[in-house]
Amino acid sequence: MDLLDLARQIVAALGPGWIAERGYMIRAHVVLYGPDQQILTITHDEDSHRHSDHGHLQISASYGEFSRHLDSGKGGDVITAAAERPAPAIATDITRRLLPDYETTLERCRTRAHEDALRLAERRETIDTLCQILAPAEIVRGDHVSFGQSGDHIRGQIRVLHSGATEFELDVTAAHTLQLARVIAAHRRTAQDQN
(Lines give C-alpha, C1' and ligand atoms only; values in the text may rest on other atoms or scores of the structure.)
Protein backbone atom coordinates (compact mmCIF):
# COMPACT_ATOMS: atom_id res chain seq x y z
CA MET A 1 0.00 0.00 0.00
CA ASP A 2 1.26 3.48 -0.89
CA LEU A 3 0.16 5.38 2.21
CA LEU A 4 1.16 8.80 0.82
CA ASP A 5 -0.93 8.20 -2.31
CA LEU A 6 -3.91 7.17 -0.17
CA ALA A 7 -3.41 10.26 2.03
CA ARG A 8 -3.43 12.50 -1.06
CA GLN A 9 -6.73 10.96 -2.11
CA ILE A 10 -8.11 11.50 1.41
CA VAL A 11 -7.12 15.20 1.46
CA ALA A 12 -8.69 15.67 -1.98
CA ALA A 13 -11.93 14.32 -0.49
CA LEU A 14 -11.57 16.46 2.67
CA GLY A 15 -11.66 19.58 0.53
CA PRO A 16 -9.64 22.68 -0.32
CA GLY A 17 -6.67 23.64 1.80
CA TRP A 18 -5.72 20.14 2.94
CA ILE A 19 -2.31 18.72 2.01
CA ALA A 20 -0.54 15.44 2.74
CA GLU A 21 3.18 14.95 3.44
CA ARG A 22 5.37 12.05 4.43
CA GLY A 23 5.85 11.59 8.16
CA TYR A 24 8.89 10.49 10.12
CA MET A 25 8.30 6.77 9.39
CA ILE A 26 8.53 7.05 5.62
CA ARG A 27 6.40 4.04 4.63
CA ALA A 28 4.02 3.86 7.58
CA HIS A 29 3.29 7.48 8.53
CA VAL A 30 1.81 10.55 6.82
CA VAL A 31 0.74 13.95 8.10
CA LEU A 32 -2.32 15.84 6.89
CA TYR A 33 -2.32 19.63 7.28
CA GLY A 34 -5.66 21.41 7.18
CA PRO A 35 -6.54 24.96 6.15
CA ASP A 36 -7.09 26.13 9.76
CA GLN A 37 -3.90 24.76 11.32
CA GLN A 38 -5.36 21.28 11.76
CA ILE A 39 -2.79 18.50 11.93
CA LEU A 40 -3.77 14.86 11.53
CA THR A 41 -1.43 11.89 11.39
CA ILE A 42 -2.17 8.60 9.72
CA THR A 43 -0.16 5.51 10.59
CA HIS A 44 -0.37 2.06 9.05
CA ASP A 45 1.89 -0.42 10.76
CA GLU A 46 1.57 -3.91 9.28
CA ASP A 47 4.59 -5.00 11.34
CA SER A 48 2.95 -4.10 14.64
CA HIS A 49 3.04 -6.71 17.40
CA ARG A 50 -0.68 -6.02 17.93
CA HIS A 51 -2.70 -8.01 15.43
CA SER A 52 -5.61 -5.57 15.81
CA ASP A 53 -3.44 -2.92 14.05
CA HIS A 54 -3.04 -5.04 10.92
CA GLY A 55 -5.17 -3.81 8.04
CA HIS A 56 -6.16 -0.62 9.87
CA LEU A 57 -5.19 2.99 9.66
CA GLN A 58 -4.83 4.90 12.90
CA ILE A 59 -5.82 8.53 12.38
CA SER A 60 -4.81 10.90 15.19
CA ALA A 61 -5.36 14.57 15.84
CA SER A 62 -2.32 16.64 16.76
CA TYR A 63 -2.26 20.07 18.35
CA GLY A 64 1.29 21.10 17.52
CA GLU A 65 2.24 24.38 19.22
CA PHE A 66 -1.20 24.56 20.84
CA SER A 67 -0.76 21.32 22.82
CA ARG A 68 0.39 23.19 25.92
CA HIS A 69 -3.05 24.79 26.07
CA LEU A 70 -4.92 21.46 26.26
CA ASP A 71 -7.01 20.58 29.30
CA SER A 72 -5.67 17.66 31.30
CA GLY A 73 -6.76 14.40 29.72
CA LYS A 74 -7.63 16.02 26.38
CA GLY A 75 -5.92 15.68 23.05
CA GLY A 76 -6.06 11.93 22.53
CA ASP A 77 -8.42 12.15 19.57
CA VAL A 78 -7.96 8.95 17.51
CA ILE A 79 -10.08 6.93 15.13
CA THR A 80 -9.30 3.81 13.14
CA ALA A 81 -10.41 2.92 9.64
CA ALA A 82 -9.94 -0.17 7.53
CA ALA A 83 -6.99 0.42 5.21
CA GLU A 84 -8.78 -1.10 2.19
CA ARG A 85 -11.70 1.35 2.36
CA PRO A 86 -11.93 3.96 -0.39
CA ALA A 87 -10.33 7.34 0.37
CA PRO A 88 -13.65 9.27 0.20
CA ALA A 89 -15.15 6.93 2.83
CA ILE A 90 -12.12 7.45 5.09
CA ALA A 91 -12.43 11.22 4.59
CA THR A 92 -16.11 10.97 5.58
CA ASP A 93 -15.12 9.09 8.75
CA ILE A 94 -12.57 11.80 9.57
CA THR A 95 -15.10 14.56 8.96
CA ARG A 96 -17.85 12.86 10.95
CA ARG A 97 -15.99 11.10 13.77
CA LEU A 98 -12.76 13.04 14.36
CA LEU A 99 -12.95 16.64 13.21
CA PRO A 100 -15.94 17.96 15.23
CA ASP A 101 -14.43 17.37 18.70
CA TYR A 102 -10.92 18.05 17.46
CA GLU A 103 -11.80 21.42 15.93
CA THR A 104 -13.71 22.48 19.07
CA THR A 105 -10.72 21.62 21.25
CA LEU A 106 -8.28 23.22 18.78
CA GLU A 107 -10.31 26.45 18.82
CA ARG A 108 -10.27 26.45 22.64
CA CYS A 109 -6.47 26.05 22.49
CA ARG A 110 -6.16 28.90 19.98
CA THR A 111 -8.24 31.16 22.25
CA ARG A 112 -6.06 30.30 25.23
CA ALA A 113 -2.89 30.90 23.20
CA HIS A 114 -4.22 34.32 22.15
CA GLU A 115 -5.14 35.20 25.75
CA ASP A 116 -1.67 34.10 26.92
CA ALA A 117 -0.04 36.26 24.24
CA LEU A 118 -2.07 39.28 25.40
CA ARG A 119 -1.17 38.60 29.05
CA LEU A 120 2.49 38.24 28.12
CA ALA A 121 2.42 41.57 26.24
CA GLU A 122 0.74 43.31 29.20
CA ARG A 123 3.26 41.76 31.56
CA ARG A 124 6.18 42.88 29.38
CA GLU A 125 4.71 46.41 29.27
CA THR A 126 4.38 46.45 33.08
CA ILE A 127 8.00 45.33 33.48
CA ASP A 128 9.25 47.99 31.04
CA THR A 129 7.17 50.70 32.75
CA LEU A 130 8.50 49.69 36.18
CA CYS A 131 12.04 49.97 34.83
CA GLN A 132 11.31 53.51 33.58
CA ILE A 133 9.62 54.62 36.81
CA LEU A 134 12.32 53.14 39.07
CA ALA A 135 15.31 54.05 36.88
CA PRO A 136 18.01 53.09 37.21
CA ALA A 137 16.56 49.60 37.29
CA GLU A 138 17.18 46.36 35.46
CA ILE A 139 15.29 43.24 34.53
CA VAL A 140 16.63 40.12 36.22
CA ARG A 141 15.48 36.50 35.84
CA GLY A 142 13.06 37.58 33.11
CA ASP A 143 10.22 38.70 35.36
CA HIS A 144 11.90 40.67 38.17
CA VAL A 145 12.70 44.38 38.17
CA SER A 146 15.63 45.13 40.45
CA PHE A 147 16.20 48.70 41.63
CA GLY A 148 18.42 50.54 44.08
CA GLN A 149 21.75 49.56 45.51
CA SER A 150 23.41 49.10 48.86
CA GLY A 151 23.17 52.31 50.87
CA ASP A 152 19.96 53.55 49.20
CA HIS A 153 17.01 54.39 51.45
CA ILE A 154 14.93 51.82 49.59
CA ARG A 155 15.94 49.07 47.21
CA GLY A 156 14.50 45.76 46.15
CA GLN A 157 12.86 43.68 43.49
CA ILE A 158 9.39 43.57 42.02
CA ARG A 159 8.32 40.32 40.41
CA VAL A 160 5.57 40.53 37.79
CA LEU A 161 3.63 37.27 37.85
CA HIS A 162 2.05 35.60 34.82
CA SER A 163 -1.35 36.83 36.01
CA GLY A 164 -0.09 40.44 36.04
CA ALA A 165 -0.09 40.66 39.84
CA THR A 166 3.18 41.69 41.48
CA GLU A 167 5.26 40.63 44.45
CA PHE A 168 7.50 43.15 46.19
CA GLU A 169 10.68 42.40 48.12
CA LEU A 170 12.01 45.58 49.68
CA ASP A 171 14.91 46.65 51.87
CA VAL A 172 14.06 49.95 53.59
CA THR A 173 16.18 51.92 56.03
CA ALA A 174 14.75 52.38 59.52
CA ALA A 175 14.33 56.11 58.93
CA HIS A 176 12.06 55.51 55.92
CA THR A 177 10.08 52.47 57.11
CA LEU A 178 7.25 54.44 58.73
CA GLN A 179 7.07 56.84 55.78
CA LEU A 180 6.67 53.91 53.37
CA ALA A 181 4.09 52.30 55.68
CA ARG A 182 2.02 55.52 55.57
CA VAL A 183 2.10 55.56 51.76
CA ILE A 184 0.96 51.91 51.69
CA ALA A 185 -1.81 52.59 54.24
CA ALA A 186 -3.05 55.62 52.29
CA HIS A 187 -3.13 53.56 49.09
CA ARG A 188 -5.05 50.77 50.83
CA ARG A 189 -7.64 53.24 52.15
CA THR A 190 -8.09 54.74 48.67
CA ALA A 191 -8.53 51.28 47.16
CA GLN A 192 -11.09 50.32 49.84
CA ASP A 193 -13.04 53.56 49.27
CA GLN A 194 -13.20 52.81 45.54
CA ASN A 195 -14.73 49.38 46.22
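Hydrogens, waters and symmetry mates are skipped; everything else that's a heavy atom, side chains included, is used.
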Give a yes or no answer on whether the side chain of His29 reaches the backbone of Tyr24 with a donor-acceptor pair at less than 3.5 Å.
yes

Scanning both residues in full, the closest heavy-atom pair of Arg68 with Glu65 reads CG-O, 4.1 Å

Distance (rounded to the nearest 0.5 Å) between Leu6 CG and His44 NE2
9.0 Å

Euclidean distance, Ile184 CD1 relative to Arg189 CZ, rounded to 0.5 Å:
12.0 Å

Are Asp5 and Gln9 close enough that a side-chain donor and a side-chain acceptor fall under 3.5 Å?
yes

Closest non-hydrogen atom pair, Gln38 against Tyr102
CA-OH, 3.4 Å

Candidate pair Leu180 and Leu170, rule side chain to side chain contact (heavy atoms under 4.5 Å, CB included), full reasoning:
CA-CA 11 Å; Leu180 178 61; Leu170 303 173; 3.9 Å; yes

For the pair Asp2 and Arg8, find out whether any cationic side-chain nitrogen is under 4.0 Å from an anionic carboxylate oxygen.
no

Quick one: pull up CD in Glu107 and CZ in Arg112 and give me the separation to the nearest 0.5 Å.
11.5 Å

CZ of Arg124 to CG of Asp143, rounded to nearest 0.5 Å, is 9.0 Å

Look at the side-chain heavy atoms of Ile, Leu, Val, Met, Phe, Trp and Tyr, link any pair under 4.5 Å apart, and say whether Leu57 and Ile19 land in one connected group.
yes

Are Leu98 and Val78 connected in the hydrophobic side-chain network, where two residues link if heavy atoms are under 4.5 Å apart?
no

Validation row: Asp171, Asp152 side chains within 4.5 angstrom (heavy atoms)
no

Hey, does His144 have a side-chain heavy atom less than 4.5 Å from the side chain of Glu169?
no

Does the side chain to side chain contact (heavy atoms under 4.5 Å, CB included) test come out yes or no for Arg96 and Ile79, once each step is laid out?
CA-CA 11 Å; Arg96 187 175 48 83; Ile79 64 170; over 6 Å; no

Separation between OG1 (Thr129) and CG (Leu134), nearest 0.5 Å, reads 10.5 Å

Indicate if Leu161 and Phe147 have the same hydrophobic cluster label, given that clusters are the connected sets of ILVMFWY residues with side-chain heavy-atom separations under 4.5 angstrom.
no

Note, Arg85 side chain near Asp93 side chain (heavy atom, < 4.5 Å)
yes

More than 12 heavy atoms of other groups within 6.0 Å of Glu125 CD
no

How close do Arg123 and Val160 get, counting heavy atoms only, and between which atoms?
NE-O, 3.0 Å

For the atom pair CG (Leu120) and NE2 (His162), what is the distance rounded to the nearest 0.5 Å?
7.5 Å

For Pro100 versus Ile94, what's the shortest heavy-atom pair and its separation?
CD-O, 4.5 Å

Do Tyr63 and Lys74 make a side-chain contact, defined as non-hydrogen atoms from C-beta onward lying under 4.5 Å apart?
no

Using side-chain heavy atoms (C-beta onward) and a distance below 4.5 Å, is Ile90 in contact with Ile42?
no

Give me the atom names and distance for the closest heavy-atom approach of Ala13 to Pro88.
CB-CA, 3.9 Å

For a side chain to side chain contact (heavy atoms under 4.5 Å, CB included) check, start with the C-alpha distance between Asp116 and His69, then their side-chain angles and the critical distance, and finish with the verdict.
CA-CA 9 Å; Asp116 275 358; His69 300 286; 2.9 Å; yes

The test is side chain to side chain contact (heavy atoms under 4.5 Å, CB included); show your working for Leu3 and Thr43 and say whether it passes.
CA-CA 8 Å; Leu3 188 58; Thr43 55; 6.0 Å; no

What's the shortest heavy-atom distance between Leu70 and Gly75, and which atoms?
CD1-CA, 3.9 Å

When hydrophobic residues are tied together by side-chain contacts of less than 4.5 Å, even through go-betweens, does Phe168 share a cluster with Leu130?
yes

